[in-house]
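Beneath this line is the structure, given in structure tokens, with notes to follow.
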Amino acid sequence: MAKKREPPSIKELPDTFLDHETYGYPRTFDPNFKGPVAKSKVSSQVHSCSSRGIEIRITNRSCTDVLCCIIFILFIIAYILLGLVAWVHGDPRRVAYPTDSKGHFCGQKGTPNENKTILFYFNLFSCTSPSVVVNLQCPTTQICVSKCPEKFLTYMEIQFMYRTNKHYWMYYSQFCKSPFVKPAKTVTQVLLDDDCPIAIFPSKPFLQRCFPDFTTKNGTLTVGNKTIFEDGSGKKRNAIELRRAANRVNKILDARAIGMKVFEDYATTWYWILIGLTIAMLLSWLFVILLRFTAGFLFWVFMVGVIGIIGYGIWHCYQEHSNLQGRPNSHLTIYDIGFQTDISMYFQLKQTWFAFMIILCLLEVFIILMLIFLRERIRISIALLKEGSKAIGYLPTTLIYPVLTFIFLSICIAYWAVTAIYLATSGVPIYKVISPERTCKHENTTCNPEIFNTTEIARVCPGAQCNFAFYGGKSLYHQYVPTFQMFNLFVFLWLINFIIALGQCALAGAFASYYWALKKPDDIPQYPVFTAFGRAIRYHTGSLAFGSLILALIQMFKLVLEYLDHRLKEAQNNISKFLQCCLKCCFWCLEKMVKFFNRNAYVMIAIYGKNFCRSARDAFNLLMRNVLKVAVMDKVTDFVLILGKILVAGCIGVLAFLLFTHRLPVMIEGPTSLNYYWVPLLTVIIGSYLVAHGFFSVYAMCIDTIFICFLEDIERNDGSAERPYYMSQSLLKILNEPSMQTKKH
């Protein structure tokens with residue numbers, strides 16, 4: 001029998017603590033209790049939630065962490081205003097349409113370039129890297145065209161062909177800046193004025209840009225069925241040189257063909273993928289419901305398997321040690337042979353296998369002793385797993401809540417992405433001086449393309465061009481665009497963590513109402529998820545915002561460290577790299593720890609309605625007083641959930657593999673003519689794992705809530721008739737206290 005403690009006052013009881021009397025009257029836990037208290041005396045202290053006489057005490061619940069709530073609301077208002085301002089100044093067309101050297105959009109309706117949707121590069125050889133091409137920083141003129149070149153032609157060839165057939169010049173002139181009547185200029189003048197390309201090559205549009213049409217013929221790389229061609233300046237070039245100028249672009253072009261095949265596979269198998277995800281959802285739900293019967297079996301089978309595998313390892317090490325008896329040099333020690341790059345040499349020593357055998361023996365003994373001494377705590381953990389499965393069976397609507405969380409997260413992600421795009425496209429076109437040889441002293445300075453040819457820069461740096469670089473400006477708004485991007489990212493992280501916290505608190509409130517119900521499921525209030533969600537929004541927005549703010553700050557610091565590491569990677573020495581790794585590790589551990597404490601703090605908030613700091617402190621003290629139970633419960637839960645995810649994803653993956661590889665012709669005919677069967681297969685496996693993760697996240701929250709309620713129950717109550725335990729009969733039996741009894745109706 002646990003030591004009898006003074007009963008708590010009504011203010012100390014959980015707000016979701018349900019009381020039920022034979023006469024329908026709630027009962028306050030008064031030490032001098034003599035009988036039921038009249039309902040009229042406690043009507044100011046309780047609020048009726050059902051017609052069965054079940055009462056939930058909520059009058060002592062008030063708004064918590066109001067200051068943080070106000071700050072959170074102000075940040076949301078500022079976030080909305082930022083989105084409106086970015087919407088006014090930004091122009092997403094700058095992302096949707098490619099931009100030529102003059103800053104004009106290609107393919108924009110209502111402009112001279114409406115029918116010219118593709119960007120054409122005058123001299124692709126000057127583009128030294130594919131990233132330069134994609135970012136429109138290639139030091140060559142770029143114009144909008146209606147179609148890409150389909151043949152090899154040079155400006156010198158056109159001058160000769162024009163004399164016999166003017167049609168060739170009409171075709172070639174569409175790739176010039178402005179139409180010319182005839183090719184009267186010399187090649188030198190064309191290069192200086194940059195009016196036309198000196199050569200064009202067979203190309204195809206990709207990402208609305210003209211790239212060379214690379215093909216492979218008999219193992220040889222060609223462009224338009226040619227391996228060697230003229231570049232228009234009198235030099236002979238080959239396809240390898242052209243590919244080297246845009247080597248990664250060629251990989252993207254290759255990926256395009258693969259992408260088309262992948263798209264075809266998705267178009268063929270999309271309904272099978274949906275069927276697979278639906279089956280995964282049903283399997284996840286079935287697994288959670290059946291855990292009340294299989295949790296203990298799964299755990300002990302796994303532990304027996306682990307002990308058996310380690311035992312086999314010990315036997316194998318002993319066999320290898322015995323087989324090495326009498327072999328030359330097998331008696332040498334690891335210290336004798338020193339460091340060897342050939343690892344197999346160590347396995348020829350008896351000492352190696354003896355060391356492995358000792359380590360495995362110690363691990364085997366440790367596991368067996370842990371199972372022996374912690375068997376009662378393991379039994380309680382398994383019983384709580386079964387209780388969680390039973391709770392979800394009584395509250396099936398909780399399994400729908402991840403869909404609501406997914407919708408909220410999708411809205412936040414979409415708003416963040418749109419705002420980031422509008423901020424990135426805010427401003428006016430900025431033009432920079434670019435020279436092909438990178439020798440101009442005015443390189444990367446701003447310029448005006450309208451008067452560039454009359455400036456000193458054009459005379460000092462022959463061949464330099466004034467090309468469009470990016471969008472920006474010198475106004476106060478444009479100067480603070482990077483700051484606005486940081487604010488956009490920070491509030492995005494805050495909102496994401498708040499949505500997750502809201503879901504955890506709402507689910508915790510629903511599952512707590514299940515635990516504190518004396519007669520399950522009759523005493524469970526109606527719409528527990530909806531009620532808990534409304535209570536969390538109404539009273540505890542500030543507390544949830546406080547906890548999510550702490551997590552958002554840590555994540556923001558992590559992102560800043562990643563950014564600095566990326567920008568300063570080349571300038572770092574070994575010491576700075578080591579410190580950077582240490583900081584990353586520390587922030588990773590801090591984030592995991594804060595997530596753990598926040599999760600349990602939200603459970604306490606859902607139960608008692610206190611502020612974040614007090615709830616976090618109470619949760620921490622409660623868990624520290626039961627640290628062994630916490631450790632065992634955490635590991636057992638992790639094992640079961642991981643096993644469930646693998647089981648669901650594995651079963652669906654096996655069925656999908658048999659279906660997509662046509663190995664189930666007798667039962668069902670799968671899709672035919674797939675290019676890559678592994679594409680829908682991986683999609684089904686990953687999707688099934690994510691579906692299972694969504695279901696089991698609800699189950700994990702259920703276990704955490706019931707576990708904390710269980711700890712509170714055994715600390716606040718003693719199992720007597722005056723202060724009975726509210727846990728289920730299965731947990732009462734495991735505690736093995738015969739005097740414990742629940743209230744009788």
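Between the side chains of Glu712 and Tyr726, not a single donor N or O lies within less than 3.5 Å of an accepting N or O.
Looking only at side-chain heavy atoms (C-beta outward), Phe533 and Leu502 come within less than 4.5 Å of each other. Using a 4.5 Å heavy-atom threshold, the side chains of Thr269 and Thr683 count as separate. By the 4.5 Å heavy-atom criterion applied to side chains, Tyr602 and His540 are not counted as neighbours. Taking 4.5 Å as the limit, some side-chain heavy atom of Ile73 sits within range of a side-chain heavy atom of Ile77. Residues Phe498 and Thr541 form a side-chain contact, since some pair of their non-hydrogen atoms from C-beta on lies under 4.5 Å apart. Counting only heavy atoms from C-beta outward, the side chains of Phe490 and Met486 never approach each other to under 4.5 Å. Between Tyr689 and Val648 there is no side-chain heavy-atom pair separated by less than 4.5 Å.
With Tyr415 as the fixed residue, the ring pair (Phe, Tyr, Trp, His ring centres under 6.0 Å) test singles out one of Tyr79, Phe492, Trp87: Tyr79.
Interatomic distance, Leu590 CG to Lys592 NZ, rounded to the nearest 0.5 Å: 12.0 Å. Atom SG in Cys505 sits 12.0 Å away from atom CE in Met604 (nearest 0.5 Å). One distance of note links CG of Leu283 with CD1 of Ile652; it measures 5.0 Å at 0.5 Å rounding. Here CG of Leu399 is found 9.5 Å from CG of Leu507. Values are rounded to the nearest 0.5 Å. Expressed to the nearest 0.5 Å, how far CD1 of Ile550 lies from CH2 of Trp494 amounts to 10.5 Å. In this structure, CG on Asn626 lies 4.5 Å from CG on Leu711, to the nearest 0.5 angstrom.
Gln485 places a side-chain N or O within 3.5 Å of a backbone atom of Ala420 that can act as its donor or acceptor partner.
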Which pairs of donor and acceptor atoms, one on a side chain in residues 690-710, lie under 3.5 Å apart (sequence neighbours left out)?
from   : atom 1 : to     : atom 2 : distance (Å)
His693 : ND1    : Lys645 : NZ     : 2.9
Ser697 : OG     : His693 : O      : 3.4
Ser697 : OG     : Gly694 : O      : 2.7
Tyr699 : OH     : Leu385 : O      : 2.7
Asp704 : OD2    : Arg599 : NE     : 2.4
Asp704 : OD2    : Arg599 : NH2    : 3.4
Thr705 : OG1    : Met701 : O      : 2.8

Which donor-acceptor pairs under 3.5 Å do the side chains of residues 612-623 make with protein atoms, sequence neighbours left out?
from   : atom 1 : to     : atom 2 : distance (Å)
Ser615 : OG     : Lys610 : O      : 3.3
Ser615 : OG     : Asn611 : O      : 2.8
Asn621 : ND2    : Arg617 : O      : 3.2

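When ring centroids are compared, Phe487 and Phe75 come within the 6.0 Å threshold.
Under the 4.0 Å criterion applied to side-chain N and carboxylate O atoms, Glu591 and Lys595 are assigned as salt-bridge partners.
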